[in-house]
Amino acid sequence: MPRQAIATMLRGGDRRSIGKANQIAKLVLSEPKHFSELLKCLWDENPIVRMRAADAAEKVTLVRPELLNPHKRELLGLLVEAEQIELRWHLALMIPRLTLSTLEKARAAAALQRYLEDRSSIVKTFALQGLADLARQDTSLRESTRRILEESLQTGTAAMKARARKLLKELQN
């Protein structure tokens with residue numbers, strides 16, 4: 001199935017709908033050879049296609065995180081350059097699923113810290129999750145992540161405070 005076919009299935013409607021993202025995720029889980037084509041849609045010119053592709057890819061990689069690894073370089077670049085809110089929040093969840101070197105984890109953490117300045121509460125909340133996921137993998141990130149989570153308890157949105165409470169408990173175990 002070419003990228004255009006996947007992109008066509010993801011088009012239509014508006015940002016309040018996930019469209020056929022769940023169907024695409026099921027298709028890719030049953031036929032992982034289509035994952036590369038799905039990921040190419042993260043760079044589509046249509047923001048609705050990008051949003052839904054990110055949603056489907058995030059759902060797929062929750063079950064099959066190893067599918068991300070061949071695309072690591074491109075995804076790390078997209079993490080830094082993405083401006084679309086929906087793309088950012090899904091990347092914040094997917095990037096820690098990659099097999100990353102210590103340097104790549106530090107760079108990803110730096111990018112996620114910049115996401116904490118986003119105007120979207122959802123992006124900020126998922127950036128906290130991504131930072132905590134990276135800190136679980138790399139002890140050198142734990143102290144800075146703990147401080148960020150504690151600060152979020154004081155200054156964050158309601159969603160950030162709730163997530164920070166949960167993540168702080170998890171990091172202590």
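Keep in mind it's a predicted model, so treat the numbers as computed, not measured.
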Do [X] and [Y] land in one hydrophobic cluster if side-chain heavy atoms of ILVMFWY residues count as linked below 4.5 Å?
| X | Y | result |
| --- | --- | --- |
| L112 | L171 | yes |
| I95 | V63 | yes |
| W43 | M94 | yes |
| L87 | I18 | no |
| F35 | L91 | yes |

Has E83 got more than 12 heavy atoms of other residues, nucleotides or ligands less than 6.0 Å from its CD?
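Counting neighbours around CD of E83, 12 or fewer heavy atoms of other residues, nucleotides or ligands fall under 6.0 Å, so no.
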Do Q137 and D133 have side-chain N/O donor and acceptor atoms under 3.5 Å apart?
no
Thinking salt bridges, do [X] and [Y] make one under a 4.0 Å N-O criterion?
| X | Y | value |
| --- | --- | --- |
| D55 | R52 | no |
| E37 | K40 | yes |
| E58 | R97 | yes |

Could you go through E45 and R50, starting from their C-alpha distance and side-chain angles, then the distance that decides it, and tell me whether this counts as salt bridge (Lys or Arg N to Asp or Glu O under 4.0 Å)?
CA-CA 8 Å; E45 63 187 27; R50 289 192 306 264; over 6 Å; no
Please assess E151 against R147 for the test salt bridge (Lys or Arg N to Asp or Glu O under 4.0 Å), listing each intermediate value before the final yes or no.
CA-CA 6 Å; E151 182 179 322; R147 283 194 307 269; over 6 Å; no
Set out, in order, the CA-CA distance, both residues' side-chain angles and the distance that settles side chain to side chain contact (heavy atoms under 4.5 Å, CB included) for L128 and K124, then state yes or no.
CA-CA 6 Å; L128 292 176; K124 292 176 189 178; 5.9 Å; no
Output, in order, the C-alpha distance, side-chain angles, deciding distance and verdict of side chain to side chain contact (heavy atoms under 4.5 Å, CB included) for R119 and I85.
CA-CA 9 Å; R119 61 185 167 89; I85 289 169; 3.5 Å; yes
Partner set under salt bridge (charged side-chain N to carboxylate O under 4.0 Å, His left out) for K105, not counting sequence neighbours:
none
Salt bridge (charged side-chain N to carboxylate O under 4.0 Å, His left out) involving R64 - partner list, sequence neighbours excluded:
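Listed in chain order: E66.
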Are R163 and Q129 close enough, and set up right, to give a side chain to side chain contact (heavy atoms under 4.5 Å, CB included), and what steps lead you there?
CA-CA 7 Å; R163 183 64 56 113; Q129 182 68 56; 2.8 Å; yes
CG (D138) and CG (L103) are apart, to the nearest 0.5 Å, by 10.5 Å
Using side-chain hydrogen bond (donor to acceptor under 3.5 Å, both in side chains) as the criterion, list what pairs up with [X], not counting sequence neighbours.
| X | value |
| --- | --- |
| D118 | R88 |
| E143 | R146 |
| T99 | N69 |

For Y115, ring-ring contact (aromatic ring centres under 6.0 Å, His included) partners two or more places apart
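By the ring-ring contact (aromatic ring centres under 6.0 Å, His included) rule, Y115 matches no residue at all.
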Could you go step by step and tell me if L38 and I24 meet the side chain to side chain contact (heavy atoms under 4.5 Å, CB included) rule?
CA-CA 8 Å; L38 172 61; I24 296 293; 3.8 Å; yes
Looking at side-chain heavy atoms only, is the closest gap between L167 and L131 below 4.5 Å?
no
Below 4.5 Å, heavy atoms only, C-beta onward: do L68 and L75 meet side chain to side chain?
yes
